[in-house]
Amino acid sequence: MSTRETWTTRAGFIFAAVGSAVGLGNIWSFPFQTASNGGAAFLVVYLLAVFLIGFPTMLAEFVIGRRSEQNAISAFERLGFSNWTFTGALGVFAAFVTLAFYSVVGGWVLRYIVGSLTGAYFGDTAGYFAAISAGPGAIVTHAAFMAITIGIVAFGVADGIERATKFMIPAIIVLLIGLAGWGATLSGAGAGYSYYLSPDVDVILSNFGSIVPSAMGQAFFTLSLGFGVMIAYASYLGSDDSLPGDSAIIVVLNTVVALLAGFAVFPVLFSTLEDPTTTSGGMGTAFTALAGAFGQLPAGQVLGFVFFVVLLFAALSSSISLLEAPTSYVVDTYDYDRWKIAVGVGVVTFVVGVPSTFGITWLAFYNDLVFNVLLPVAVFLIAVFVGWVADAEAFDELGRGSVVGDVPGTAPLTTIWLWWVRVVVPIVVLYTLYLGVTSLYTGLTTGGYF
Ligand code: TRP
């Protein structure tokens, strides 16, 4: 038997995982979810969701991956539980639905790159967003983004993109710090920070039913959990790596990028809009705020161009891995030509995504379907599997290579983690699922989406 490839360096693994985590979720989704869900109230629940539920779930996926040394679909079989394979398949399906609308937003980024060069959004940022985000123009840019994604997956230049991402993530951080620093000088900065950072318990309590599923979904989405991608990545890890250590670095870096995006966006929103919490209360938040910022900055066209190109790379490094999930599944199962499958799956994904160009509320429906339903279901299954089905393997595996568990059976932190994944994660996620389905159902029956 040939030995399986492993990451050549620990940093290589961490970069790949951070590359998957950092994307439109951090720079587009996080600010708009925060803006439309009560600001700091959302932020508090989101941070709790990331650290208390997302982090242990990431460990659960890492454990499955490293133990089985398989992709998300075969992993369950390899561990001896082939009737759990559907859990991996659900993740692949979630990746497919996600890519369908992710690509529409990726199309907006393409449009903003062009808009930066021509200066098209510099006057009326809200009007520009409204014009490009829905309708025939949005279908064209959705097609363009999808075509680039298909091309990369079909011709296998993904390596290049991944390598580029290593430079792109530091670039994103630097650009966001710059924008945040500039934002601090704006007249609306104080109001923006207070909305973003001072939580009001009443707001949390009175909007519990909508804040919790959004925050939880955002946490899973931004950490790329539930899709089986982290299972696959961890399958290439060596046994001497500390899973908790790696996971902590990934979670913290990803959170820093999202928080910085908020620091860049909120001062601009509160300086340029009359009531940022409602008018912008939507998916245009980050785009209009950032475009507005570039519109007022010296050399704004150049800055805007650089920023949106960097964002494009972050989005592409995510979209190729989202297309790769269903593609490699079909390739492994049916043994067709890789490029044909990539094109086929990509075209179907494009078609499925087209309705989300009909209007922002259609896009919101796709978003909420993934955030409120698919991700909680996938994470619930993973937690139950690791906590109750493959628990002995999981316990042993978490200890390997980590300081907390070098002596199996005696490591208190590993025990706490296992019970956390057994009890706390499933209960919280199930409750979230209930709230999420209720809020999706209400939206559907009251005409909130269509
Ligand atoms: N985390 C990515 C983002 O924030 C989106 C994403 C979710 C993803 N699941 C994924 C990317 C799986 C790659 C693979 O934009």
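The first residue in the sequence is number 1, and the count goes up from there. Ligands are counted one by one from 1 in listed order, and the atoms in each one are counted from 1 as well.
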Output the list of atoms in ligand 1 that are nearer than 4.0 Å to some heavy atom of [X], sorted by atom number.
{"X": "Leu24", "answer": "15 (O)"}
{"X": "Thr222", "answer": "1 (N), 4 (O)"}
{"X": "Ser321", "answer": "13 (C), 14 (C)"}
{"X": "Ala21", "answer": "1 (N), 2 (C), 3 (C), 4 (O)"}

Discussion item. Under a 3.5 Å threshold, yes or no: a donor from one side chain and an acceptor from the other, between Thr222 and Asn254?
Written reply: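 There is such a pair between these side chains.
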Discussion item. Which label fits Tyr196 and Phe263: parallel for a plane angle under 30°, tilted from 30 to 60°, or perpendicular past 60°?
Written reply: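 If you compare the ring of Tyr196 with that of Phe263, the planes turn out perpendicular.
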Practice prompt. Look only at the side chain of Trp108 and the backbone of Thr141, and say whether a donor-acceptor pair between them is shorter than 3.5 Å.
Written response: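 Checked: no pair found.
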Worksheet item: Taking the side chain from Glu69 and the backbone from Ser235, do they hold a donor-acceptor pair closer than 3.5 Å?
Response: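 Side chain of Glu69 to backbone of Ser235: no pair is present.
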Discussion item. Closer than 4.0 angstrom, basic N to acidic O: yes or no for Arg338 and Glu324?
Written reply: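 Salt bridge present between Arg338 and Glu324.
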Worksheet item: Ion pair present between Glu397 and Arg66, side-chain N to carboxylate O less than 4.0 angstrom?
Response: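 Salt bridge: yes.
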Practice prompt. Among all protein heavy atoms, pick the one closest to atom 8 (C) of ligand 1 and tell me residue, atom and distance.
Written response: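 Here the closest protein heavy atom is Ser224 OG, 3.4 Å.
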Worksheet item: Are any of the heavy atoms in Tyr102 under 4.0 Å away from ligand 1?
Response: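 Heavy atoms of Tyr102 do come under 4.0 Å of ligand 1.
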Worksheet item: To the nearest 0.5 Å, how far apart are CE in Met58 and CG in Asp246?
Response: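 Atom-to-atom, Met58:CE and Asp246:CG are 10.5 Å apart.
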Fill in: Ala315, Gly23, Ser20: member with heavy atom nearest to atom 2 (C) of ligand 1
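Among Ala315, Gly23, Ser20, the closest heavy atom to atom 2 (C) of ligand 1 comes from Ser20.
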Worksheet item: Does any N/O atom on Phe221 come nearer than 3.5 Å to any N/O atom on ligand 1?
Response: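 Phe221 vs ligand 1: N/O contact under 3.5 Å present.
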Discussion item. Does any N or O of ligand 1 fall below 3.5 Å from an N or O anywhere on Gly25, backbone included?
Written reply: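 The answer is yes, given that Gly25 and ligand 1 share an N or O pair closer than 3.5 Å.
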